[in-house]
Protein chains: 2
Amino acid sequence: MSDTDVAAWATLLRVHAALVPVLDRELQAACALPLTWYDVLLELNYAPDCRLSMGELGQKAVVSRTRVSRVVDALAAAGLVTRESNPDDRRSAYATLTDAGRERFRAAAPIYLDGIRRHFTDRMTAGESRTIAGALAKVLAAVPPGGAVPPGGAVPPAVTG
Amino acid sequence: MSDTDVAAWATLLRVHAALVPVLDRELQAACALPLTWYDVLLELNYAPDCRLSMGELGQKAVVSRTRVSRVVDALAAAGLVTRESNPDDRRSAYATLTDAGRERFRAAAPIYLDGIRRHFTDRMTAGESRTIAGALAKVLAAVPPGGAVPPGGAVPPAVTG
DNA sequence: TTTGAATGCGTGCGCACGCACATTTCTACT
DNA sequence: AGTAGAAATGTGCGTGCGCACGCATTCAAA
């Protein structure tokens, strides 16, 4: 039973490993835009006022929270976003999409979406696609926050060292 | 239509980003075994004579072909595999599972499988799991080899120059 | 046999990524 | 007000990873 149980997860790992480089290269070749940048621009474009704090970005985009800081630095250096400080909470820092950033994103989106369609969506039925989205959303909702497992053992307590 | 089309892929990316660190940590906490090591041990254990060449390992396991070399070095230093040369083709190098490696893998397997079950499989129905495995297998079979897209355009190769 | 291309592999190098820690600012409680 | 703790962010550092390249070997053709 283990074999069939693990099949879905194992295949997911392989698809990710095989497809991400392909989509990343296509996007870079067409728009000179790394996938990480695209993801950040996407979330900013979707957010109200095209503005998000670093923490929100780290939570919404597929980027580590600590990494967001440097990615935003790079994006700001490229003129695609601006750093702003929040007058109501001077700890937090906002990243806001610039016009150039929005235009760059809108140019890149069709490329990326087309890649997803050609390599991923077109290979399955609409029903399969919906099933995947639904099932994986349930998985995502139940995954523990952070890469946690700080207490002793993963499965057995195993208190003593 | 784009939104729902991309949903499956986007969720896959998030699940991967969220779950891989969790499973990796659980495995490391319980067995001091990185996921990459586990994957290599798994393929070796499944292979005939517990032996595979570097190229085969790179193709079967979720590890870059060039990275295999260093991973095998580390595994050999840990006594879990041995490096052997192929007398029939002196270019190739074999990695063979040792008894210690096999034992280590067999100890780790239940931990990893249980993690997959708790965080992934148990969150969906058996039908959903089968659908995911089947659909993603189709995607995998159609993905272009290598991270390719060397020629100019991203979409059509267009044979003639 | 000789020669050129192809295959399999290992390594130097640079990049991306996340962790642990320090810093600044906010919040709650006395 | 004053203080301890929490929250949000930025940074030094080590690590994993893949690419470009070079070396050894094998195959194919002349």
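Residue numbers begin at 1 in each chain, while the letters A, B, ... track the order of the sequences.
Applying the salt bridge (Lys or Arg N to Asp or Glu O under 4.0 Å) rule to B/D122 yields no partners; only residues at least two apart in sequence or on another chain are considered. Partners of B/A108 according to the side chain to side chain contact (heavy atoms under 4.5 Å, CB included) rule, which considers only residues two or more places apart in sequence or in another chain, are B/L27, B/C31, B/L33, B/Y38. By the salt bridge (Lys or Arg N to Asp or Glu O under 4.0 Å) test, B/R91 is found to be paired with B/D89, residues two or more places apart in sequence or in another chain being considered. Residues satisfying the ring-ring contact (aromatic ring centres under 6.0 Å, His included) criterion with A/H119, sequence neighbours excluded, are absent altogether. Annotation: side chain to side chain contact (heavy atoms under 4.5 Å, CB included) contacts of B/A74 (sequence neighbours excluded): B/W37.
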Which pairs, protein N/O on one side and nucleotides 20-27 of chain C N/O on the other, fall under 3.5 Å?
residue	atom	partner	partner atom	Å
C/dC26	OP1	A/R90	N	3.1

Give me the distances for all protein-to-nucleotides 13-17 of chain C N/O pairs that come in under 3.5 Å?
residue	atom	partner	partner atom	Å
C/dC17	OP1	A/T36	OG1	3.1
C/dC17	OP2	A/R67	NH1	2.6

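Distances shorter than 4.0 Å separate some side-chain N or O of B/S69 from OP1 or OP2 on C/dG10. At C/dG10, one or more side-chain N or O atoms of B/R83 fall inside 4.0 Å of OP1 or OP2 (strictly under the cut-off).
Within residues 46-54 of chain B, no residue places a heavy atom under 4.0 Å from DNA chain D.
For residues 40-50 of chain A, every residue pair satisfying the salt bridge (charged side-chain N to carboxylate O under 4.0 Å, His left out) rule, not counting sequence neighbours, is listed here: A/E43-B/R14. Listed by first then second residue, pairs satisfying side-chain hydrogen bond (donor to acceptor under 3.5 Å, both in side chains) with a partner in residues 103-113 of chain B read A/W9-B/Y112, not counting sequence neighbours. Applying the salt bridge (charged side-chain N to carboxylate O under 4.0 Å, His left out) test to residues at least two apart or on different chains, the pairs with a partner in residues 127-141 of chain A are A/E128-B/K138, A/K138-B/E128. Identified under the salt bridge (charged side-chain N to carboxylate O under 4.0 Å, His left out) test for residues 59-86 of chain B, with sequence neighbours left out: B/D73-B/R83.
In this structure, CG of A/D73 is placed 13 Å from P of D/dT9, rounded to the nearest angstrom. Rounded to a whole Å, the CD atom of B/E56 is 16 Å from the P atom of C/dT7. If you take CD of A/Q59 and C1' of D/dA7, they are 13 Å apart, rounded to a whole angstrom.
The shortest side-chain heavy-atom distance between A/V143 and B/V15 does not fall under the 4.5 Å cut-off.
Rounded to the nearest 0.5 Å, atoms OG1 (B/T96) and CG (B/L80) are 13.0 Å apart.
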